[in-house]
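For reference, the structure is listed below as structure tokens.
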Amino acid sequence: MLAARTQRLVASSRTWRTLSTQIEKAGPLGADGRHEIWREGQSSDHDNEPRVKRRDGSYASIEKLRGFLNYQRNPEPYRKPTERVRDWGELNPTEEDSEYHTSVERKVQAARCMDCGTPFCQTHAGCPVNNLIPEWNNLVYNGQWEDAIDRLHKTNNFPEFTGRVCPAPCEGSCVAGLVDAPVTIKNIEYSIVDRAWKEGLITPRIPENRTGMTVAVVGSGPSGLAAADQLNQMGHKVTVYERADRIGGLLMYGIPNMKLEKDTVDRRVNLLREEGIEFVTNANIGQNVDINELRANVDALILCVGSTKPRDLPVPGRELKGIHFAMEFLTANQKKLLMTKEGTLESQWEKENWITAAGKDVIVIGGGDTGTDCIGTSMRHRCKSVTNFELMPQPPMSRAPDNPWPQWPRVFGVDYGHAEAKAVFGKDPRVYSVMTKEFIGDENGHVKALVTQDVEISKEGPKAIEGSEREWPADLVVLSMGFVAPEQYIVEELGLDTDQRKNIHAVYGDYRTNVEGVFAGGDCRRGQSLVVWAINEGRGVADACHQYLQQKRDSVPSSAQVSGAFHNLSSMSPTL
């Protein structure tokens, strides 16, 4: 009898859960893509917030207790594909765009956060920097935006970067996603920091006390900037060295404008500069700046040089013109955009370095975020066609049995570049389960086509299928197959240990290399990864370096007075 009762309760629970998360045919969303609202008959003592349509068709004031049941997930959409391919503006809509979410819709989406007992979204399974997601979701729901940005900055140095470019693993591990669609965490994060900048809530934090200890950070990508920010707030004197002509690393030259406007990067860098961090550009440490001299004149050296050695494709015809690595393509394009904006293009642009997709059949080999960026860039160049080769099969539409929640869902998705290509050319640009066999050139030594073979996945890995060769026209080929390791000249000069993948060896949580006073963090230590992981690494290496500096100061009290002739690191100008 007890067993029968238990079965009825379980069945009832399943039915309730199914019905409660079921979306009505009409749906709560209106023609404008937002939850429908109703104001008629509203009492005058209300705070003027309208009633919002729920999944059951009723209208009521926004409430959080059952928000994940009452409201539908509704992420803020990007600007329309056919409109955004005409410019280099960000994908995210502005207040003038029809897609931009109202304050009511943002509150509705924040109300969907369950305040679950174990928020997997902020654990290692979801957010690498352990963002306090349920806390700032609740603060947004209550309209406490200043407190929300304060909680967001507790764990994330640069939420305006992650809110734009992070693929949101937090949403993949959202508990609401077990029975329904996850909370729009990425949109909420973006809205918090964007509003904070607009309302002047983000201001310089000048450290009150200085320790007298000096740190040089090599690399100004997200890990280097995060490390510098943390150490500066701890009171140390920090100088960041960047080999390019602008600060930001991949944030500046690796991620295109439509995903991350460069004014957004400069805004944060200028804030860090106001807080006391010094920046030196055109400083290629180990090339035009002596690494040993730099190390000898600081108390600690942190390497955040990234993983910048691209994976090549050694097949016949690789030497042909018109075949480029993804970062060659993206960096040249970004430099031209910046120089055009500043009015220096005609006088300074090196035309031989310009790589254009205009009017060409473009093939991008390799998927991932960088491959998508190459597709989006080609679309804005007005390419003739664009095709994207992927070695692996097409992912499933829903989680496979070996990919359970709360792991990152390895499922089929349409990123911004794919949507743009489909909107313009009428089909998804991706071709799965193919590998490049050879490149074919014309009489001028320029690529004109390539040959592929279909592949099947075996226990030994991808295996070419004999007789499946196909030829594809190609005027421009972009290799976007990831990165294998950091460049080795700093490693060799300092005599650093490396792991089996040629990454700098430094144990996670300690970040110390085999050389005294030298630390490593970011992609050069863990391998290529996400911006949010780079920030996590930057914060971690800063903590390890801070502990080392404290021990050094305690053991040698006079070290602050004998830090060398280059105590002011800005005096070390690279030899150009």
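Keep in mind that the numbers below use all heavy atoms, side chains included, and drop hydrogens, waters and symmetry copies. Since we're looking at a predicted model, the values are computed, not measured.
The closest donor-acceptor contact from the side chain of Gln453 to the backbone of Ala464 lies at 3.5 Å or more, if one exists at all. The main-chain N or O of Thr498 is never found under 3.5 Å from a side-chain atom of Lys502 such that the two would form a donor-acceptor pair. A distance-only check finds no donor-acceptor pair linking the side chain of Glu420 to the backbone of Arg380 [under 3.5 Å]. Between the side chain of Asn130 and the backbone N or O of Gln122, at least one donor-acceptor pair lies under 3.5 Å. Put simply, the side chain of Glu278 never gets that close to the backbone of Thr239: no donor and acceptor are under 3.5 Å apart. Within the 3.5 Å criterion, the main-chain N or O of Met481 finds a donor-acceptor partner in the side chain of Arg311. With hydrogens and angles ignored, the 3.5 Å screen pairs a side-chain donor or acceptor of Asn288 with a backbone N or O of Asn284. With Thr331 contributing its side chain and Glu328 its backbone, the two residues share no donor-acceptor pair below 3.5 Å.
Between Asp229 and Glu275 the shortest side-chain heavy-atom distance falls below 4.5 Å. In this structure, the side chains of Leu476 and Val447 stay at 4.5 Å or more apart for every pair of heavy atoms. Taking the side chain as every heavy atom from C-beta outward, Pro429 and Thr387 never approach each other to under 4.5 Å. Using a 4.5 Å heavy-atom cutoff, the side chains of Val484 and Ser307 are not in contact. In this structure, the side chains of Ile277 and Val217 stay at 4.5 Å or more apart for every pair of heavy atoms. At a threshold of 4.5 Å between non-hydrogen side-chain atoms, the residues Asn131 and Leu152 count as touching. Residues Thr370 and Leu330 have side chains in contact (heavy-atom distance under 4.5 Å, counting atoms from C-beta outward). A heavy-atom distance below 4.5 Å is found between the side chains of Glu537 and Tyr511.
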Item to check | Worked check of side chain to side chain contact (heavy atoms under 4.5 Å, CB included) between Thr123 and Ser173 | outcome: CA-CA 9 Å; Thr123 67; Ser173 61; 5.5 Å; no

Next on the checklist: For Arg295 and Val515: C-alpha separation, side-chain torsions, deciding distance, then whether side chain to side chain contact (heavy atoms under 4.5 Å, CB included) applies.
Outcome noted: CA-CA 11 Å; Arg295 178 183 164 229; Val515 177; 3.4 Å; yes

Item to check | Candidate pair Gln230 and Asn157, rule side chain to side chain contact (heavy atoms under 4.5 Å, CB included), full reasoning | outcome: CA-CA 8 Å; Gln230 293 294 105; Asn157 302 71; 3.0 Å; yes

Checklist entry - So Arg525 and Tyr508, side chain to side chain contact (heavy atoms under 4.5 Å, CB included) or not? Walk me through it. => result CA-CA 9 Å; Arg525 190 204 69 83; Tyr508 183 72; 3.3 Å; yes

Item to check | Steps toward salt bridge (charged side-chain N to carboxylate O under 4.0 Å, His left out) verdict (Arg501, Asp499) | outcome: CA-CA 5 Å; Arg501 296 184 178 181; Asp499 62 18; over 6 Å; no

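Among residues two or more places apart in sequence or in another chain, the side chain to side chain contact (heavy atoms under 4.5 Å, CB included) test is passed with Leu250 by Pro222, Ile255, Val531. Under the side chain to side chain contact (heavy atoms under 4.5 Å, CB included) criterion, Arg410 pairs with Asp402, Asn403, Gln407, Trp408, not counting sequence neighbours. The salt bridge (Lys or Arg N to Asp or Glu O under 4.0 Å) search around Asp263 returns Lys341, not counting sequence neighbours. With sequence neighbours excluded, the residues satisfying side chain to side chain donor-acceptor pair (under 3.5 Å) with Arg243 are Glu487, Tyr489. In terms of the salt bridge (Lys or Arg N to Asp or Glu O under 4.0 Å) criterion, residue partners of Asp373 (sequence neighbours excluded) are, by chain and number, Lys259. Residues satisfying the salt bridge (Lys or Arg N to Asp or Glu O under 4.0 Å) test with Asp87, not counting sequence neighbours, are Arg79. For the side chain to side chain donor-acceptor pair (under 3.5 Å) test, residues two or more places apart in sequence or in another chain that qualify with Glu242 are Ser220. Annotation: salt bridge (Lys or Arg N to Asp or Glu O under 4.0 Å) contacts of Arg268 (sequence neighbours excluded): Glu160. Judged as a side chain to side chain donor-acceptor pair (under 3.5 Å), and not counting sequence neighbours, the contacts of Arg318 are Asp312.
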Pair up each side-chain donor or acceptor in residues 542-549 with any protein partner under 3.5 Å, not counting sequence neighbours, and list the distances.
unit_1, atom_1, unit_2, atom_2, d
His546, ND1, His236, NE2, 2.9
His546, NE2, Gln550, NE2, 3.4
Tyr548, OH, Glu516, OE2, 2.9

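Closest of all the heavy-atom pairs between Gly306 and Cys524 is O-CB, 3.3 Å. Nearest heavy-atom pair across Val238 and Ala228 is CG1-CB, 3.7 Å. Of all heavy-atom pairs between Pro128 and Asn536, the closest is O-ND2, 2.5 Å. When all heavy atoms of Gly366 and Asn388 are compared, the pair lying nearest together is O-ND2, 3.1 Å. Across all their heavy atoms, Leu271 and Pro204 have their closest contact at CD1-N, 3.4 Å. In plain terms, the two heavy atoms of Gly248 and Val265 that are nearest each other are CA-CG1, 4.3 Å.
Screening Arg246, Gln334, Lys262 for a side chain to side chain donor-acceptor pair (under 3.5 Å) with Tyr253, the sole residue that qualifies is Arg246.
Between the side chains of Thr214 and Asp299, at least one donor-acceptor pair of N or O atoms lies under 3.5 Å.
Under the 4.0 Å criterion applied to side-chain N and carboxylate O atoms, Asp415 and Arg430 are not assigned as salt-bridge partners. With salt bridges taken as basic N to acidic carboxylate O contacts below 4.0 Å, none links Arg164 and Glu261.
Distance check, rounded to the nearest 0.5 Å: CG of Leu303 to CD1 of Ile285 gives 9.5 Å. For the atom pair CG (Leu301) and CG (Leu294), the distance works out to 5.5 Å, reported to the nearest 0.5 Å. Here the CH2-CD1 distance, from Trp136 to Ile149, works out to 10.0 Å after rounding to the nearest 0.5 Å. Atom OG1 of Thr264 and atom CG of Leu251 lie 10.5 Å apart (nearest 0.5 Å). A distance of 9.0 Å separates CG of Leu496 from CD1 of Ile490, quoted to the nearest 0.5 Å. In this structure, CG in Leu313 is found 12.0 Å from OG in Ser480, a value given to the nearest 0.5 Å.
Here side chain to side chain donor-acceptor pair (under 3.5 Å) pairs that include residues 441-452, with residues two or more places apart or in two chains, are Thr452-Trp472. Pairs of residues two or more places apart, or lying in two chains, that qualify as ring pair (Phe, Tyr, Trp, His ring centres under 6.0 Å) and include a residue from residues 305-336 are Phe329-His381.
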